[in-house]
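As structure tokens, the structure follows; a few thoughts come after it.
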Amino acid sequence: MAAALTAHELIARHRPTLDQALEAIRTRAYWSPHPEHPKAYGEHGSLDAAAGKAAFDALLGTRLDLGQPGTDGWVGGEVSPYGIELGVEYPHADPDVLLPAMKAGQPAWRDAGAEVRAMVCLEILKRISDRTHEFAHAVMHTSGQAFMMAFQAGGPHAQDRGLEAVAYAYAEQVRTPESAEWTKPQGKRDPLELTKRFTPVPRGIGLVIGCNTFPTWNGYPGLFASLATGNAVLVKPHPRAVLPLALTVKTAREVLAEAGFAPDLVALAAERPGEGIAKALATRPEIRIIDYTGSTAFGDWLETHARQAQVFTEKAGVNTVIVESTDHYREMLSNLAFSLSLYSGQMCTTPQNLLIPRDGIRTDAGPKTFDEVTADLAQAVDALLGDDARANALLGAIVNPDVKARLEAAASLGEVALASREITNPDFPQAVVRTPVIVKLDGSKPDAEAAYMSECFGPVSFAVAVDSVDAAVELLRRTVREKGAMTVGAYTTDAEVERKVEEVCLEEAAQLSLNLTGGVYVNQTAAFSDFHGSGGNPAANATLTDGAFVAGRFRVVEVRREA
């Protein structure tokens, strides 16, 4: 059967987008081809809000047959944090059958070359983008994100990260020319002449181990980085967040087939309840690349035991903000309140520890004591979330019982500056919705250290009283070095304090945001411009996205011939 999509058509359709992405990662300027506003969809084949919701509703209670080889049963059981049983069934794979089929498609995919692979990846992303409204509901009802966040973070922002990975993958592969004529003079003798050909070759099959909170945003970089560099990709979703990645796999398989490649280059590995297939898959010899987002314990296990694979991990960290002084006190409080509240703090970038000198801080509103700062921050959070409709739109739902348990236990760790309260979602009465808790701790007390030196994932923050700003800087250094951090923030009007904080972040490899008081928040990063994680501290061994994230996924093999 003739391919429905030719290389020429794909290049004509998507090469301009790739060129813009390459320019964006070079300049680090703002750019995105994926609209953030829901009303931007509904033309040129994309689903509008009503059609996207209808498409999602039509999935409920169905069997998503991907046509994969090795299917030996069907699995399901996802329940939305908003209380809806999704009822979708997915193929359960026998890896002894599926993995050889995936590997069989790699030679033709390798031989297609970097440009064609990039164009196929961009076509996959375009089709996902056209279904952003449908994907938004899938992300919302598996992660607990509120709809607008699921739409943006699970849709255009995730697609941006996938495209960014394709751009870096392409740039690294074409860094070496396809061929070269090599001539070495030999004096009076004839020169030595060789024709050399250089081919990027894939490492093998990539395994993407998905997370519950951001299935597409965290899943797309590794998926598209591996696929664009010639590897087949097996997607193992979190058992509570299968649907968004299953839809992604389905779309990828359709595009690959239409472009004349084996659809089995991308496949799904859904699991039975309690099966825990990630360890078994991760150590198979066919798996040569692993992308993982999740707990430190399992990330460490992968780095130790999956020795046959190149392992990219994003694990846990303790994100810290130093508050030393500010010229925009109310704006600082508003910015922090939003950062602590967004998606109920269920982001790897949410601040946890707020380090504040116990003698207080200097502000444009006059000196503020430690207690005043914490009380004012609590009031700012209350003001932000005082309206239940607004609160539901920001908080989303608690993603799992472990987060709820941590939230409830946090109040016993110290003096509560802001108590968490329960909010009812009238559209989804079964959703567990809670406002953040802020607990005051004395940084000089050993019993407090156990709390603030451990990640407490969820809507829990600690206001930690420290003896001085120098003590805060040293605690920041120790925290990043020992526990890692995806983000660091600081508020200061003192150039020397700013220099000290920046020096710590440079030495300990932590991404720093200074004096954010407007519409940019410490827990948000923009594709093509911001680096997510550094790969240089215990929170993550990789960065989304840079050259190192893609370069290890392929090797260049040289063939030499006498001219």
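Checking Glu314 against His532 by side-chain atom types alone, a donor-acceptor pair falls below 3.5 Å. Inspection of the Asn231 and Thr229 side chains reveals an N or O donor paired with an N or O acceptor under 3.5 Å. No side-chain donor-acceptor contact under 3.5 Å links Thr492 and Asp494.
Although no hydrogens or angles enter the test, the distance criterion places no donor-acceptor pair under 3.5 Å between the side chain of His305 and the main chain of Thr283. Judged purely by atom type and a 3.5 angstrom limit, Glu164 has no side-chain atom pairing as donor or acceptor with the backbone of Asp160. A donor-acceptor pair is defined here as one N or O able to donate and one able to accept, closer than 3.5 Å; no such pair exists between the side chain of Tyr343 and the backbone of Ala150. The main-chain N or O of Ala409 is found under 3.5 Å from a side-chain atom of Ser412 such that the two form a donor-acceptor pair.
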Side-chain atoms of residues 449-457: list all donor-acceptor pairs with protein atoms under 3.5 Å, sequence neighbours left out, distances to 0.1 Å.
unit_1, atom_1, unit_2, atom_2, d
Glu449, OE2, Arg478, NH2, 2.4
Tyr452, OH, Gly443, O, 3.1
Ser454, OG, Ala450, O, 3.0

Pairs under 3.5 angstrom only: tabulate donor-acceptor contacts from the side chains of residues 427-440 to other protein residues two or more places apart or in another chain.
unit_1, atom_1, unit_2, atom_2, d
Thr435, OG1, Arg421, N, 2.8
Lys440, NZ, Asp371, OD1, 2.9
Lys440, NZ, Glu415, OE2, 3.3

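Residues passing the side chain to side chain donor-acceptor pair (under 3.5 Å) test with Glu23, sequence neighbours excluded: Arg26. With sequence neighbours left out, Ser226 forms a side chain to side chain donor-acceptor pair (under 3.5 Å) with Arg553. By the side-chain contact (heavy atoms from CB on, under 4.5 Å) test, Glu303 is found to be paired with Asp300, Val311, Thr313, Lys315, Asn541, residues two or more places apart in sequence or in another chain being considered. With sequence neighbours excluded, the residues that form a side-chain contact (heavy atoms from CB on, under 4.5 Å) with Thr493 are Ser325, Asp327, Arg362. Judged as a side chain to side chain donor-acceptor pair (under 3.5 Å), and not counting sequence neighbours, Thr479 has no contacts. Partners of Asp382 according to the side-chain contact (heavy atoms from CB on, under 4.5 Å) rule, which considers only residues two or more places apart in sequence or in another chain, are Leu418. Under the side chain to side chain donor-acceptor pair (under 3.5 Å) criterion, Lys236 pairs with Glu271, not counting sequence neighbours. Listed by chain and number, the residues in a side-chain contact (heavy atoms from CB on, under 4.5 Å) with Ser344 are Gln346, Leu395, Ile398, Pro459 (sequence neighbours excluded).
Less than 6.0 angstrom separates the ring centroid of Phe151 from the ring centroid of Tyr41. For Tyr292 and Phe298, the ring centers are positioned less than 6.0 Å apart.
Here the side chains of Ile128 and Thr132 are not in contact, with every heavy-atom distance at 4.5 Å or above. At a threshold of 4.5 Å between non-hydrogen side-chain atoms, the residues Leu394 and Asn392 do not count as touching. The shortest side-chain heavy-atom distance between Thr545 and Phe528 does not fall under the 4.5 Å cut-off. Between Leu342 and Thr350 the shortest side-chain heavy-atom distance does not fall below 4.5 Å. Side-chain contact between Leu302 and Lys279 is absent, with no heavy-atom pair separated by less than 4.5 Å. Considering only heavy atoms from C-beta on, Val488 comes within 4.5 Å of Val480 through its side chain. Looking at heavy atoms from C-beta onward, Val208 lies out of side-chain contact with Leu234 at the 4.5 angstrom threshold. In this structure, the side chains of Pro351 and Ser339 come closer than 4.5 Å at one or more pairs of heavy atoms.
With rounding to the nearest 0.5 angstrom, the NE2 atom of His157 is 5.0 Å from the CD atom of Gln152.
Between Tyr329 and the options Thr517, Thr363, Asp376, a side-chain hydrogen bond (donor to acceptor under 3.5 Å, both in side chains) holds for only Asp376. Residue Arg481 forms a salt bridge (charged side-chain N to carboxylate O under 4.0 Å, His left out) with just one option from Glu507, Glu508, Glu474, and that option is Glu508.
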Derivation and outcome, ring pair (Phe, Tyr, Trp, His ring centres under 6.0 Å), residues Tyr491 and His328 = CA-CA 10 Å; Tyr491 290 90; His328 302 279; over 10 Å; no

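Here ring-ring contact (aromatic ring centres under 6.0 Å, His included) pairs that include residues 384-416, with residues two or more places apart or in two chains, number zero. Each ring-ring contact (aromatic ring centres under 6.0 Å, His included) pair with one or both residues in residues 376-424, not counting sequence neighbours, would appear here, but there are none.
Between Trp217 and Phe214, the two ring planes are perpendicular [angle over 60°; tilted spans 30° to 60°].
In terms of heavy-atom proximity, Met149 sits nearest to Met347 at CE-SD, 3.8 Å.
Arg161 forms no cation-pi arrangement with Phe224, by the criterion of a distance under 6.0 Å to the ring centre and an angle within 45° of the ring axis.
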